[in-house]
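The chains referred to below are lettered A, B, ... by the order of the sequence lines, with proteins before strands, and numbering in each begins at 1.
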Amino acid sequence: MITKSIEISDNVYLRHIKTNKFKTNYISFDFIAPLERERAHLNSMLPLILMRATKKYPSQSEINKRLQCLYSGNISASVTAFGQYQCFGMKMNMLNDRFSKDVSITNGMVDLLCEMLFNPYLVNGAFDEKYTDDKKNDLIDTVESLKNSKGSYAIKRLKEEMCKNEVFSISKYGEIENIKKITKESLYNAYKEALSIYPIEIYAVGDMDIDAIASKLKQYFKSIKRNPIRVPEIELIKEAKEIKQVTEVEKINQARLVLGFRTGYDYKENKYHIVQLFNEILGGSPTSKLFLNVREKMSLCYSCRSIVNQKDGLMIISAGIEAKNREIAEKAIINQLEAIKNGNITEEEFSSAKKSIINGYISISDSASSEHAWSFYRSLCGINTTPQLESEKIKNTTIEQIKEFANRITLDTVYFLKGEEE
Amino acid sequence: MLLKENKMLGEKYYYFKHKSGLSVYVVPKKMSTSYAILATEYGAIDNKFKLSTDNEFTTVPDGIAHFLEHKLFECEGGIDAFELYAKTGADANAFTTNTNTAYIFSCTENFDKSLEVLLDFVTHPYFTESTVQKEQGIIGQEIKMYEDHPGSRLHKELLKALYEKNKVRIDVAGTIESIAEINADILYKCYNTFYNLNNMTLAVCGDIDPEIVERACDKMLKQAENITINRDYENDDEKPTVYKKRAVCKLDVAKPIFAIGIKDTNIPSEPNERAKKSYAMEILNEMLFSQSSKFHEELYNERLIFPDLSSGSEITKHYSYNVISSESPDPEKVYSRFVEYIEETKRNGLDKEEFELSKRTVYSSYIKSFDSTESIGENLIFNILDGADFLDALDIIDSITFDYVNDLLKEGFKEEYYAMSIVEPIGK
């Protein structure tokens, strides 16, 4: 959990999660932007172009040589969509200094991160043209390759259909037509703007000199004129009106059935533990209702699971099935949800679901990236809590509360992806 | 009980051979999550075998080791092992590879009870014709799911191109047809052969006292009969050269995906030598194909690869190969560039400074693997099952010389050892 928060600049925070459990240190840098169709492609491109070259290391191989020197320090671009937010930046993972025979690894990695963020490689006041084109192509390839994984592709298509007029249908990478329009100048402007207007969250997990990192960052931010925006709240659709049906055909072997629901849950209720517990019982584990009935009893599928998210009020159930079993599978899935709506949960199911969720919470402290994700995403919901506190809430949750929550859920859209000859 | 420690790493393990026949390793680690893995040396390649008491070899349908892994979860009385774990709060799973089957769980409380569940269900098989039939439907869907999975198809087809006879060609899950031949009798036959405790290893990692593990073994395990398993791999005359140069399949993907495989039949018989070769291959791959390599930079700049080249080698006592893969608009062009690049590098020799930096990378990724009880448990057990000791790796990596890696390049990279698998977009 966060042991120290330091304000680096206006709405720029460095959070330290101090622990000496690991042989590695973890540092993330995130811009917190609103997820917008007109901006998503530029934002998702920024980490890519910044990591491509810097003033000091003007080529990819020089950057990589530097990383190798730092005991193969790892830096990767990251972009995620979370409710109305698009978070983008870099994540770094490095060996702890005690395993270094010469250099200071953590210092070196922080320097490299700052170099990328504040001293990018520029040509005539904009990014390099060739580098910009390379990264545009990379991003387009990334978007096009999303269809290679049929399970997540089907979920993406469901969201696009179900949330046509909502922010949740916007791709975190942006759209291909927009990526194509990016220029070295428009990208540079987006970079300048990002440093100025977006709230920034920096997390450092591990055993390191946090004050030294803070003063380094402060030094760089001194020259940045900050004018941070507030990402506006959004209104969630709490209930589905009528059920939309979408069927698509692709050249695939296994059909994909995806059901999208409105849960009516608003994160401001601060009862996400109830949502998670409900999900665990329905389709979050190998003892869930979906797994035991749709898979084990009816032998209809190998994978069948439900997913929830604390920010968007959606629940998605997906299964890989034989196309001819579509109706029977859909009915079987709905029946499991109905069972929970009727309070049909055994004490045993209930207590194992609780144990499983608590097990997950307690494990958070064993992974630096999980520690980061726990605090980061909850802070975006304005929630400050610990796995221990949430575990207590789980213990005190009643079947009645789960039933009450389940009864708010309505089916919005059914998406079916099937093979050609079926 | 034997204690082995590596002071530089700050890691250690306890080992004992339990009287039941099971080999047990305990790695103490101050973490909230404890992890256990129980593995048998039995995988997809073990399809022809006999016990010393049998007259003839038995050949079994492809995919049976994986099928057996699924079926063991079902206990007598229709109870599922997952339900038993649910009571103790553990998160459980299992997987089958070409050479091994493993049952795992992780938990933050009730470790001893979860361990009892593990030792209990894996030692109590229960198969009937109706439960076997039901599983055929589920695994049938698993097979179909992987048929749509480009990475999985690419890899499977590559192995079938590299090898003519080696059983690494067999799909771990089998085929819809092969699993249709499986029945309860054959499952029992395989179980009774390969799930003998003398053929199995348990590794646990976490904030755990080795005595708790010993007590659970005492309570749950009966002494196993001493048996000798004869396995026939039917690959004595596998040639060092590849079986087919190309394997192409079509799927609904955005652009072609390729994997160049390099076959290696020069496998050291001594486990530490195998481990050394494996780390040395990692160093060589890093030098030749990582993002800092000239080859990567050139292909990327010409947009012949996307997004990055990835490389990896697999060395077991049964097979050894190296793979380089990525997406590309023109895999054949990448292939010919690859051949040229290797020949040029052989002529000019490797760079000593790059060798030192790449060695550093391998050293670092080894140390990084000690940050989770799961990766510690897995690394330990798969090293042990191949005969090596994962706590010796730092010394092994240290002993790798520039000349050793140079020789690997000269002897291991020849065109007759290369094959390429391609997944092409439908309609191309």
Side-chain angles (χ1 to χ4, degrees), chain A residues 21-24 59-61 64-65 67-69 71-73 93 95 99 130 134 137-138 141-142 144-151 250-254 285-287 291-292 295-297 299-303 320-322 348-349 351-353 355-356 358-360 362-368, chain B residues 30-33 80 82-83 85-93 106-109 134-142 144-145 147-150 251-255 257 286 290-294 296-297 300-301 303 306-307 327 357-358 360-365 367-368 370-373 426:
Chain A
K21 224 177 201 179
F22 307 119
K23 290 180 161 58
T24 51
S59 75
Q60 194 73 65
S61 59
N64 288 313
K65 281 263 147 63
L67 287 166
Q68 279 185 329
C69 281
Y71 287 82
S72 187
N93 180 284
L95 215 53
F99 296 104
K130 162 92 169 90
D134 282 348
N137 286 326
D138 280 0
D141 284 336
T142 303
E144 284 176 346
S145 295
L146 291 175
K147 75 171 202 178
N148 291 4
S149 165
K150 295 304 165 196
E250 300 257 0
K251 289 171 179 156
I252 51 172
N253 290 299
Q254 184 182 52
S285 82
T287 47
F291 190 96
L292 288 183
R295 170 173 151 152
E296 292 294 314
K297 278 212 184 88
S299 190
L300 286 169
C301 53
Y302 170 72
S303 70
I321 58 169
E322 285 293 329
E348 211 176 331
E349 264 179 299
S351 80
S352 8
K355 280 189 185 132
S356 171
I358 291 171
N359 183 45
I362 302 302
S363 315
I364 303 276
S365 69
D366 285 342
S367 142
Chain B
K30 291 268 179 235
M31 287 224 170
S32 311
T33 317
D80 202 288
F82 283 121
E83 293 172 56
Y85 278 125
K87 290 199 179 89
T88 65
D91 184 6
N93 213 335
S106 66
C107 65
T108 52
E109 57 172 7
K134 193 201 72 182
E135 207 62 36
Q136 281 158 346
I138 296 171
I139 295 179
Q141 285 307 311
E142 187 178 4
K144 284 205 143 189
M145 181 178 83
E147 278 176 12
D148 281 332
H149 194 282
L251 277 183
D252 184 34
V253 292
K255 66 159 63 94
I257 308 170
E286 176 76 18
S290 76
Q291 284 189 54
S292 5
S293 70
K294 186 180 125 216
H296 192 288
E297 189 164 27
Y300 178 84
N301 283 335
R303 298 221 62 79
F306 161 78
E327 292 182 28
L357 284 174
S358 299
R360 194 173 263 221
T361 299
V362 173
Y363 162 86
S364 159
S365 78
I367 294 177
K368 283 180 182 173
F370 285 86
D371 267 353
S372 102
T373 53
I426 295 170

Looking only at non-hydrogen atoms, find the nearest pair between [X] and [Y] and report the distance.
X         : Y         : value
Phe306(B) : Asp138(A) : CE1-O, 3.2 Å
Tyr363(B) : Phe99(A)  : OH-O, 3.0 Å
Thr88(B)  : Lys355(A) : C-CD, 4.1 Å

Any non-hydrogen side-chain atom of [X] less than 4.5 Å from a side-chain atom of [Y]?
X         : Y         : answer
Asn148(A) : Glu327(B) : yes
Arg303(B) : Asp141(A) : yes
Gln60(A)  : Gln291(B) : yes
Lys294(B) : Ser61(A)  : no

Which region of [X], side chain (C-beta onward) or backbone (N, CA, C, O), has a non-hydrogen atom less than 4.5 Å from a non-hydrogen atom of chain A, or is it both or neither?
X         : answer
Lys134(B) : both
Gln136(B) : neither
Ser32(B)  : both
Asn301(B) : both
Tyr85(B)  : neither
Ile139(B) : neither

Between [X] and chain B, with a heavy-atom cut-off of 4.5 Å, which part of the residue counts as in contact: side chain, backbone, both or neither?
X         : answer
Lys150(A) : side chain
Ser367(A) : neither
Glu348(A) : side chain
Leu300(A) : backbone
Thr24(A)  : both
Ser351(A) : neither

### Task
Please determine, among Ser292(B), Ala92(B), Gly89(B), the option with the most heavy-atom pairs under 4.5 Å with chain A.
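Most pairs with chain A among the choices: Ser292(B).
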
### Message
Hydrogens and angles aside, do Tyr302(A) and Gln141(B) bring a side-chain donor and acceptor to less than 3.5 Å of each other?
### Response
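No, no side-chain donor-acceptor pair sits under 3.5 Å.
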
### Query
Would Asp91(B) and Asn359(A) count as having a side-chain donor-acceptor pair, cut-off 3.5 Å?
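On atom types as modelled, these side chains do not qualify, holding no pair under 3.5 Å.
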
Between [options], which shows the greatest number of heavy-atom pairs under 4.5 Å with chain B?
options                                    : result
Glu250(A), Glu144(A), Glu349(A), Lys147(A) : Lys147(A)
Asp134(A), Thr142(A), Thr287(A)            : Asp134(A)
Lys65(A), Lys297(A), Gln68(A)              : Gln68(A)

### Message
Checking Lys30(B) against Asp366(A) for the salt bridge (charged side-chain N to carboxylate O under 4.0 Å, His left out) test, could you report, in this order, the C-alpha distance in whole Å, the side-chain angles of both residues, the deciding distance, and whether it holds?
### Response
CA-CA 10 Å; Lys30(B) 291 268 179 235; Asp366(A) 285 342; over 6 Å; no

